[in-house]
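The structure under discussion appears below in the form of structure tokens.
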Amino acid sequence: MEKAEGAFLTISELATELGLAQHILRYWETRFPQLRPLQRSGNRRYYRPADVALARRINQLLNVEGFTVKGAQKALADGTDDIAVDPLPAAAPEPDLIARLEAIRADLARALGR
């Protein structure tokens, strides 16, 4: 059953939504002072809608746009996270990449066999 819009999320639910491990969210709490979920008995974390939005933005900065933690901290603190910053250009995908990697693996296996 889906939760209602605006409902608090547990750390497990948010981690699943973002495709991250729970320890990553706990780490982010130590690095981004803005990210402060409610903590109930047993240190259970409950992320409010604003916390969820912030975690999504942090994930976007770090894992999509390629910011470092320090860069993401600065972007959030300065309020410049809305400015379009070109991340490092992505390399064009090569159609024969798997074949090349398999050839490299075979070369390495032969080298180790010597």
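For the residue pair Leu25 and Ala15, the shortest heavy atom distance occurs at CD1-N, 3.6 Å. Nearest heavy atom pair, residue Glu13 against residue Thr10, reads OE1-N, 2.9 Å. Between Ala75 and Phe67, the closest heavy-atom pair is CB-CE2, 4.2 Å.
Interatomic distance, Ile24 CD1 to Asn59 CG, rounded to the nearest 0.5 Å: 10.0 Å. Here the straight-line distance linking atom CG of Leu54 with atom CG of Leu76 works out to 6.0 Å at 0.5 Å rounding. Separating the CZ atom in Arg45 from the CZ atom in Arg26 is a distance of 6.0 Å, to the nearest 0.5 Å. The line from CZ of Arg44 to CD1 of Ile11 is 12.5 Å long, rounded to the nearest 0.5 Å.
Residues Asn63 and Leu18 have side chains not in contact (no heavy-atom distance under 4.5 Å, counting atoms from C-beta outward). Residues Leu9 and Tyr46 have side chains not in contact (no heavy-atom distance under 4.5 Å, counting atoms from C-beta outward).
Classification of Glu65 and Arg57 as a salt-bridged pair holds, one side-chain N sitting under 4.0 Å from a carboxylate O.
Considering only residues two or more places apart in sequence or on other chains, Arg105 meets the side chain to side chain contact (heavy atoms under 4.5 Å, CB included) condition with Glu102.
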Quick one: do Leu38 and Arg48 satisfy side chain to side chain contact (heavy atoms under 4.5 Å, CB included)? Show the steps, please. CA-CA 8 Å; Leu38 293 175; Arg48 298 167 283 226; 3.2 Å; yes

Working note: Phe32 + Val69, criterion side chain to side chain contact (heavy atoms under 4.5 Å, CB included); need CA distance, chi angles, decisive distance, verdict.
CA-CA 9 Å; Phe32 297 94; Val69 170; 4.2 Å; yes

Q) Which is it for Tyr47 and Leu35 under the side chain to side chain contact (heavy atoms under 4.5 Å, CB included) test, yes or no, and what are the steps along the way? A) CA-CA 9 Å; Tyr47 291 85; Leu35 186 60; 4.2 Å; yes

